[in-house]
Amino acid sequence: YLAHQREVVRRNGVLLAHSEFLQLQPSDQVETQMVRFRTIGDVTCTGAFQSQARSIDEVIAETAAIRVTERGGRSDDRRSDSSLEDRKRQGYF
């Protein structure tokens with residue numbers, strides 16, 4: 001997933017893609033950032049990372065240097081310590 005300009009909303013330290021599925025909260029501010037996504041996921045809970053990586057070699061170098069796990073950008077995981085297990089019980093997986 002290569003970096004590109006995208007409208008995002010910063011919420012609880014996570015950059016969420018501004019989309020028709022994201023319900024804006026009164027405190028949300030839509031901004032355009034150069035970002036990329038490190039994982040495939042639901043657009044409403046998968047966070048983007050500020051990035052300039054626009055080639056595979058740049059993504060590899062960035063991934064080797066980053067200290068945030070792939071799931072570190074999932075806003076869903078910040079809801080509770082058991083949110084992944086909760087989603088499994090609800091049939092998400």
Side-chain angles (χ1 to χ4, degrees):
Y1 311 102
L2 304 179
H4 61 282
Q5 292 284 330
R6 182 171 190 121
E7 287 187 333
V8 294
V9 172
R10 189 178 308 270
R11 190 181 291 166
N12 299 322
V14 176
L15 293 174
L16 296 175
H18 180 235
S19 73
E20 62 187 274
F21 306 107
L22 182 67
Q23 289 193 337
L24 292 178
Q25 298 176 353
S27 61
D28 287 340
Q29 292 183 354
V30 178
E31 55 188 280
T32 301
Q33 296 282 335
M34 179 70 95
V35 299
R36 73 180 192 87
F37 295 86
R38 293 178 59 204
T39 184
I40 293 176
D42 185 329
V43 71
T44 62
C45 67
T46 301
F49 290 85
Q50 289 180 315
S51 173
Q52 298 294 318
R54 299 180 98 176
S55 72
I56 293 172
D57 288 338
E58 291 172 338
V59 168
I60 291 168
E62 182 180 84
T63 301
I66 200 163
R67 297 294 173 239
V68 176
T69 66
E70 184 176 345
R71 289 197 63 88
R74 296 293 297 257
S75 64
D76 201 44
D77 288 351
R78 295 174 188 231
R79 293 180 195 169
S80 76
D81 290 339
S82 65
S83 58
L84 182 60
E85 293 304 317
D86 294 343
R87 290 173 71 84
K88 287 179 185 178
R89 279 193 295 279
Q90 294 167 358
Y92 183 78
F93 298 103

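Please read all numbers here as calculations on a predicted model, not as lab measurements.
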A.B. asks: For atom CD of Q5, decide whether the heavy atoms of other residues, nucleotides or ligands shown that lie under 6.0 angstrom number more than 12.
C.D. replies: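 Yes.
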
A.B. asks: Are L2 and M34 grouped together when hydrophobic residues (ILVMFWY) are joined by side-chain heavy atoms under 4.5 angstrom apart?
C.D. replies: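 In one cluster: no.
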
A.B. asks: Return the minimal non-hydrogen interatomic distance between A3 and S51, and the atom names on each side.
C.D. replies: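 Looks like CB-O, 3.5 Å.
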
A.B. asks: To the closest 0.5 Å, what do you measure between CD (Q33) and CZ (F49)?
C.D. replies: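 It comes to 14.0 Å.
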
A.B. asks: Nearest 0.5 angstrom please: L16 CG to L24 CG, how far?
C.D. replies: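 Result: 10.5 Å between the selected atoms.
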
A.B. asks: According to salt bridge (Lys or Arg N to Asp or Glu O under 4.0 Å), does anything in residues 13-35 pair up with another residue at least two apart or in another chain? List the pairs.
C.D. replies: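 Output for this query lists R10-E31, R11-D28.
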
A.B. asks: Taking L22 as the fixed residue, which of V9, V30, V8 is the one that meets the side-chain contact (heavy atoms from CB on, under 4.5 Å) rule?
C.D. replies: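 Testing L22 for a side-chain contact (heavy atoms from CB on, under 4.5 Å) against V9, V30, V8 leaves exactly one candidate, V9.
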
A.B. asks: Shortest non-hydrogen contact from F37 to Y1?
C.D. replies: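 For F37 and Y1, the tightest heavy-atom pair comes out as O-CB, 2.9 Å.
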
A.B. asks: Sorted by first residue and then second, give each salt bridge (Lys or Arg N to Asp or Glu O under 4.0 Å) pair with at least one member in residues 49-64; sequence neighbours left out.
C.D. replies: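 Sorted result for residues 49-64: R36-E62.
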
A.B. asks: Which atom names give the shortest non-hydrogen contact between V14 and G47, and what distance separates them?
C.D. replies: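 That would be CG1-CA, 3.5 Å.
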
